[in-house]
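Notes for the one structure printed next.
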2 protein chains.
Amino acid sequence: MSLVSIMEKSTCSCENCQLRSLFFSHVSMDELNNICDIKIEKQYSKGESITNEGERIHEFLYMKEGLVKLSKTDIDGKDQILSFSKPFDFVSLLSVFSSDKYKYSVTAIEDTTVCILDLEVVKKFAQQNAMFTMDLMSSISEATDKILLDNLAIKRKHLKGRIAHVLLYFSDYIYKKDEFELPISRREIAEYIGMTTENVIRTLSEFRKDNIIKIFGKDILIADKKRLRSISEFG
Amino acid sequence: MSLVSIMEKSTCSCENCQLRSLFFSHVSMDELNNICDIKIEKQYSKGESITNEGERIHEFLYMKEGLVKLSKTDIDGKDQILSFSKPFDFVSLLSVFSSDKYKYSVTAIEDTTVCILDLEVVKKFAQQNAMFTMDLMSSISEATDKILLDNLAIKRKHLKGRIAHVLLYFSDYIYKKDEFELPISRREIAEYIGMTTENVIRTLSEFRKDNIIKIFGKDILIADKKRLRSISEFG
DNA sequence: CGCGGCTTTGATGTTCATCAAGTAAAGTGG
DNA sequence: CCACTTTACTTGATGAACATCAAAGCCGCG
């Protein structure tokens with residue numbers, strides 16, 4: 001939070017970047033080097049804001065490492081969390097080709113590295129390289145589809161099912177472990193699932209009493225995943 | 001519902017089609033004629049299914065006229081409605097470039113005309129025409145963004161606000177009239193806003209008793225739009 | 001005509017938000 | 001570094017919002 005972000009021109013290492021397959025798979029090495037030259041890598045510490053709802057979009061950016069949340073603030077100042085994203089579920093592109101302003105805020109919930117390209121340059125490039133544009137489109141389409149599906153899944157569940165869903169999301173999808181540190185507060189869980197903070201806490205406590213999970217502050221251990229799954233699917 | 005769908009090779013009239021601007025604005029007249037030649041127009045009567053969740057995607061399709069719903073059936077057989085779409089908010093493309101199977105079902109809720117192109121042909125075309133692909137991407141991005149925003153808006157409202165939201169949606173956005181025939185059943189409203197059919201009906205009755213709307217079966221007249229707006233925004 | 005689906009209303013109970021109050025943890029300024 | 005302030009977390013009590021169950025009327029359709 002208090003750490004100063006570090007911005008630096010990266011040494012060009014794009015050709016080995018895992019993200020190449022994301023939408024640079026049909027970009028030649030020459031072209032990639034051109035892109036690489038103008039690329040900036042930027043670090044954000046946990047809690048830092050990456051883009052803000054309403055701000056003008058000047059840059060094309062995608063996550064190299066870390067974890068972020070997508071959120072939107074309503075008139076009363078209350079936040080709603082739309083989704084969480086890790087690299088490959090990149091996300092800051094959401095409005096890039098349909099709006100000139102960000103429709104959502106993106107905030108790091110773990111230390112995050114982002115690659116930044118000038119939007120105009122990328123657009124110009126996209127106009128000349130249809131394969132790149134198609135790969136881009138696939139990625140955007142896949143990412144938003146994931147968000148839509150997730151929101152639908154949450155919508156049809158009750159409080160307990162939603163909490164179970166969130167725990168399984170972080171356990172199965174993000175950390176791939178049964179023990180992990182929750183990267184978000186109880187309030188943020190509430191903002192994500194559309195319930196109150198108090199009820200999020202109550203439900204977590206209930207799961208603890210039923211020996212489904214163990215809680216040490218932000219550290220969560222899933223003790224009975226089978227049961228958690230059945231709660232998530234609702235029964 | 002019981003009407004037989006009519007499928008016919010259209011006479012080529014694409015050059016005057018209102019939808020040209022959608023993603024054919026950067027397509028030359030020659031290319032457009034090529035597309036036009038392989039295009040099929042298909043009519044669906046109210047209630048007919050256009051695409052089915054889980055089915056393989058063979059075609060690229062977009063709405064020329066009408067109104068459809070996007071929905072998904074969960075394990076218990078319960079439907080959830082994701083959104084409604086009219087031409088320009090086209091929608092069947094949602095999964096087209098990120099999956100080989102439809103993730104949602106599309107059903108006509110008014111008589112609907114759809115233009116159908118072979119997906120492989122469109123993909124090949126997209127690979128050669130980056131501007132077309134970019135226009136396509138903008139359209140997809142805009143359409144899904146609209147769905148996400150709408151779902152977020154509904155999520156933060158209570159029953160009454162959600163019903164008001166739906167009524168205003170059809171009045172302001174779809175029909176641009178204060179009196180209209182609801183194209184969907186009470187149950188479908190419930191499936192859309194994530195509440196029960198009974199409570200949808202109760203709330204509509206309440207609005208009627210408070211002289212906010214008049215109801216004649218499926219015909220709705222909005223008598224006090226100001227009040228409805230304030231309910232939608234919640235107060 | 002009768003069946004199934006849609007609509008409507010009422011009664012009842014569950015789920016959840018709200019209010020309140022207190023503890024713990026974490027950031028802030030002198 | 002300590003007092004101070006704020007933010008996060010937790011639990012309980014209460015009432016409001018909503019789902020569920022039940023029953024009946026309506027309409028279109030085979």
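For the helix from C:dC1-D:dG30 to C:dG30-D:dC1, the axis fitted to the five pairs at one end and the axis fitted to the five pairs at the other end meet at an angle of 50° (nearest 10 degrees).
Between A:Asp172 and A:Arg229, at least one side-chain N (NZ, or NE/NH1/NH2) sits under 4.0 Å from a carboxylate O, which counts as a salt bridge. Salt bridge status for B:Glu142 with B:Lys146: absent, with no side-chain N to carboxylate O gap under 4.0 Å.
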Original post:
Yes or no on salt bridge (Lys or Arg N to Asp or Glu O under 4.0 Å) for B:Arg202 and B:Glu206, after CA distance, side-chain angles and deciding distance?
Top reply: CA-CA 6 Å; B:Arg202 254 186 276 273; B:Glu206 207 176 313; over 6 Å; no
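Because its NZ or CZ atom is not both nearer than 6.0 Å to the ring centre of B:Tyr192 and within 45° of the ring axis, B:Lys69 does not count as a cation-pi partner of that residue. Seen from the ring of A:Tyr173, A:Lys176 counts as a face-on cation partner, given the 6.0 Å and 45° thresholds.
Using modelled atom types and a 3.5 Å distance limit, the side chains of A:Asp111 and A:Ser45 yield no donor-acceptor pair.
Using a 4.0 Å heavy-atom distance criterion, A:Thr197 is classed as making no nucleic acid contact. Within 4.0 Å (heavy atoms only), B:Lys218 reaches sugar-phosphate atoms of the nucleic acid but no base atom. A:Ile201 comes within contact range of at least one nucleobase, with a heavy-atom separation under 4.0 Å. Here A:Arg208 lies in heavy-atom contact (under 4.0 Å) with sugar-phosphate atoms only.
Between the P atom of C:dT8 and the CG atom of B:Leu182 lies a distance of 11 Å, rounded to the nearest Å. Regarding A:Glu206, its CD atom lies at a distance of 14 Å from the C1' atom of D:dG12, rounded to whole Å. Whole-Å rounding puts the A:Ile215 CD1 to D:dC9 C1' distance at 11 Å. As a whole-Å value, the separation of A:Phe216 CZ from C:dA25 C1' is 18 Å. Remark: C1' of C:dG5 and CG of B:Asp79 are 15 Å apart, rounded to the nearest angstrom. Distance NZ (B:Lys160) to P (D:dC18): 9 Å, rounded to an integer number of Å. Atom pair B:Lys46:NZ and D:dG28:C1' shows a separation of 14 Å (rounding to whole Å applied). For the pair A:Phe207 CZ and D:dT10 P, the interatomic distance rounds to 14 Å; values are reported in whole Å.
Along DNA chain D, the nucleotide nearest A:Lys209 and the nucleotide nearest B:Leu159 are compared for position; the residue whose nucleotide lies closer to the 5' end is A:Lys209. A residue-by-residue look at A:Leu204 and B:Lys157 shows that A:Leu204 has its nearest nucleotide of DNA chain D further toward the 5' end.
Of the residues in residues 185-193 of chain A, those with a non-hydrogen atom less than 4.0 angstrom from any atom of DNA chain D are A:Ser185, A:Arg186, A:Arg187.
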**OP:** Going 5' to 3' through nucleotides 22-27 of chain D, assign each nucleotide B (protein heavy atom under 4.0 Å from a base atom), S (under 4.0 Å only from sugar-phosphate atoms) or - (no protein heavy atom that close).
**Re:** ------
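Put simply, the side chain of B:Arg162 does not reach to within 4.5 Å of the side chain of B:Val200, judged on heavy atoms. B:Leu152 is not listed as a side-chain neighbour of B:Leu148, based on a closest heavy-atom distance of 4.5 Å or more. Side-chain contact between A:Asp74 and A:Lys72 is absent, with no heavy atoms from C-beta onward closer than 4.5 Å.
Shortest non-hydrogen contact noted between B:Glu65 and B:Pro87 is CA-CG, 3.6 Å. Nearest heavy atom pair, residue B:Leu67 against residue B:Lys86, reads CD1-CB, 4.0 Å.
Put simply, A:Asn199 has no side-chain N or O that comes within less than 4.0 Å of OP1 or OP2 on C:dC16.
Here C:dT18 is the nucleotide among C:dA17, C:dT15, C:dT18 with the atom lying nearest to any side-chain atom of A:Arg202.
Within the model, atoms CD1 of A:Ile212 and CG of A:Leu228 stand 6.5 Å from one another, a figure rounded to the nearest 0.5 Å.
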